[in-house]
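As the structure is a computational prediction, the values presented were derived from the model and not from experiment. Along the sequence shown, residues are numbered consecutively beginning with 1.
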Amino acid sequence: MALLPILCYPDPKLHTVAKPIAAVDARIQQLAADMLETMYDAKGIGLAATQINVHERLIVIDVSEERDQPMVLINPELVWTSPTTHLNEEGCLSVPGIYDGVTRFDAVRVKALDEKGQSREIEADGLLAVCIQHEMDHLMGKVFVEYLSPLKRNRIKTKMIKAQREESR
């Protein structure tokens with residue numbers, strides 16, 4: 001297993017739309033395992049392949065308190081969303097230290113393949129539903145700060161660029 005570098009906003013590669021995965025093979029299984037290790041190491045609850053500069057439709061999630069319920073979703077697609085929404089405080093491993101409110105569906109149903117290539121459907125609400133929607137946005141090239149006002153987004157972009165400059169010194 002390996003820790004993978006996570007792209008930081010405003011890296012333009014975060015806006016790449018991910019392509020479907022043709023086959024769940026050893027490479028994809030290893031990628032999923034590496035992504036889980038990277039997510040756990042970064043203290044995250046979700047990670048999309050886009051965030052590690054792999055532009056394929058793969059996300060990993062673990063919202064459990066014990067960090068022992070990893071979920072791998074390959075080629076995920078929303079098949080149902082609740083009619084109700086809720087404003088949630090969100091953060092992102094690609095936008096470290098920044099949290100803000102984003103409106104998401106209260107519940108979703110997603111169809112995807114698991115790490116063995118088996119088709120599954122998951123009904124989710126609460127934190128899991130928010131996390132699935134957040135990570136699926138990454139696969140579409142969208143970062144959560146794009147839901148914020150242009151003023152907030154520009155402030156965050158400036159802050160992130162400054163932090164990256166200081167880190168590279």
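- Under the 4.5 Å side-chain criterion, counting only non-hydrogen atoms from C-beta, Q133 is in contact with V108.
- V60 is not connected to I132 by any chain of hydrophobic side-chain contacts under 4.5 Å among Ile, Leu, Val, Met, Phe, Trp and Tyr, and they are in different clusters.
- A single hydrophobic cluster is seen to contain both Y40 and L93, as judged by linkage of ILVMFWY side chains at heavy-atom distances under 4.5 Å, directly or through other members.
- Between L58 and L31, some side-chain heavy-atom pair lies under the 4.5 Å cut-off.
- The two residues H15 and G141 come nearest to each other via the heavy atoms ND1-O, 3.0 Å.
- The closest donor-acceptor contact from the side chain of E135 to the backbone of I59 lies at 3.5 Å or more, if one exists at all.
- Nearest approach of G46 to C131, heavy atoms of both residues: CA-SG, 3.9 Å.
- Linking ILVMFWY residues whenever their side-chain heavy atoms come closer than 4.5 Å, directly or via other members, leaves L7 and V54 in distinct clusters.
- Of all the heavy atoms in P20 and N75, the pair that sits closest is CA-OD1, 3.3 Å.
- A pairwise comparison of heavy atoms in Y99 and G91 identifies CD2-CA, 3.5 Å as the closest pair.
- Heavy-atom neighbours of E65 CD from other residues, nucleotides or ligands within 6.0 Å: at or below the threshold of 12.
- With R109 contributing its side chain and A124 its backbone, the two residues share no donor-acceptor pair below 3.5 Å.
- A salt bridge is absent between R57 and E77: the closest approach of a Lys/Arg side-chain nitrogen to an acidic carboxylate oxygen does not fall below 4.0 angstrom.
- When side chains are defined from C-beta on, V63 does not count as touching M71, because their heavy atoms never get closer than 4.5 Å.
- Under the 4.5 Å side-chain criterion, counting only non-hydrogen atoms from C-beta, P76 is in contact with L139.
- By the 4.0 Å N-to-carboxylate-O rule, K19 lies too far from E56 to be salt-bridged with it.
- Counting non-hydrogen atoms of neighbouring residues, nucleotides and ligands closer than 6.0 angstrom, the CZ atom of R67 exceeds 12 such neighbours.
- Separation of atoms CD1 (I21) and CD1 (I28) is listed at 4.0 Å; rounding is to 0.5 Å.
- A side-chain donor-acceptor contact under 3.5 Å links N154 to the backbone of P150.
- A side-chain donor-acceptor contact under 3.5 Å links D62 to the backbone of Q69.
- Rounding to the nearest 0.5 angstrom, the gap separating the NZ atom in K162 from the CD atom in Q164 is 13.0 Å.
- Between the side chains of Q30 and D34, at least one donor-acceptor pair of N or O atoms lies under 3.5 Å.
- When the shell of 6.0 Å around CD of E167 is examined, it contains 12 or fewer heavy atoms from other residues, nucleotides or ligands.
- Remark: K116 does not engage D114 in a salt bridge, criterion side-chain N to carboxylate O under 4.0 Å.
- K142 is linked by a side chain to side chain contact (heavy atoms under 4.5 Å, CB included) to D137, E146, Y147, counting only residues two or more places apart in sequence or in another chain.
- Just one of D11, I52, L14 meets the side-chain contact (heavy atoms from CB on, under 4.5 Å) condition when paired with S94; it is L14.
- A distance-only check finds a donor-acceptor pair linking the side chain of E37 to the backbone of A2 [under 3.5 Å].
- The closest donor-acceptor contact from the side chain of R153 to the backbone of L148 lies under 3.5 Å.
- The nearest pair of heavy atoms linking F144 to D100 is CE1-N, 4.0 Å.
- T16 and T50 get closest at one heavy-atom pair: O-CG2, 3.9 Å.
- To the nearest 0.5 Å, atoms CD1 (I98) and NZ (K157) are separated by 13.5 Å.
- Follow the hydrophobic side-chain contacts under 4.5 Å out from V24 and you never reach V110; the two are in separate clusters.
- In the model, D106 has no side-chain atom that pairs as donor or acceptor with a side-chain atom of S82 under 3.5 Å.
- At distances below 3.5 Å, at least one donor-acceptor pair connects side-chain atoms of Q51 with backbone N or O atoms of A48.
- In this structure the side chain of T81 reaches within 4.5 angstrom of the side chain of L78, judged on heavy atoms.
- Residues satisfying the side chain to side chain contact (heavy atoms under 4.5 Å, CB included) criterion with T85, sequence neighbours excluded, are T103, F105.
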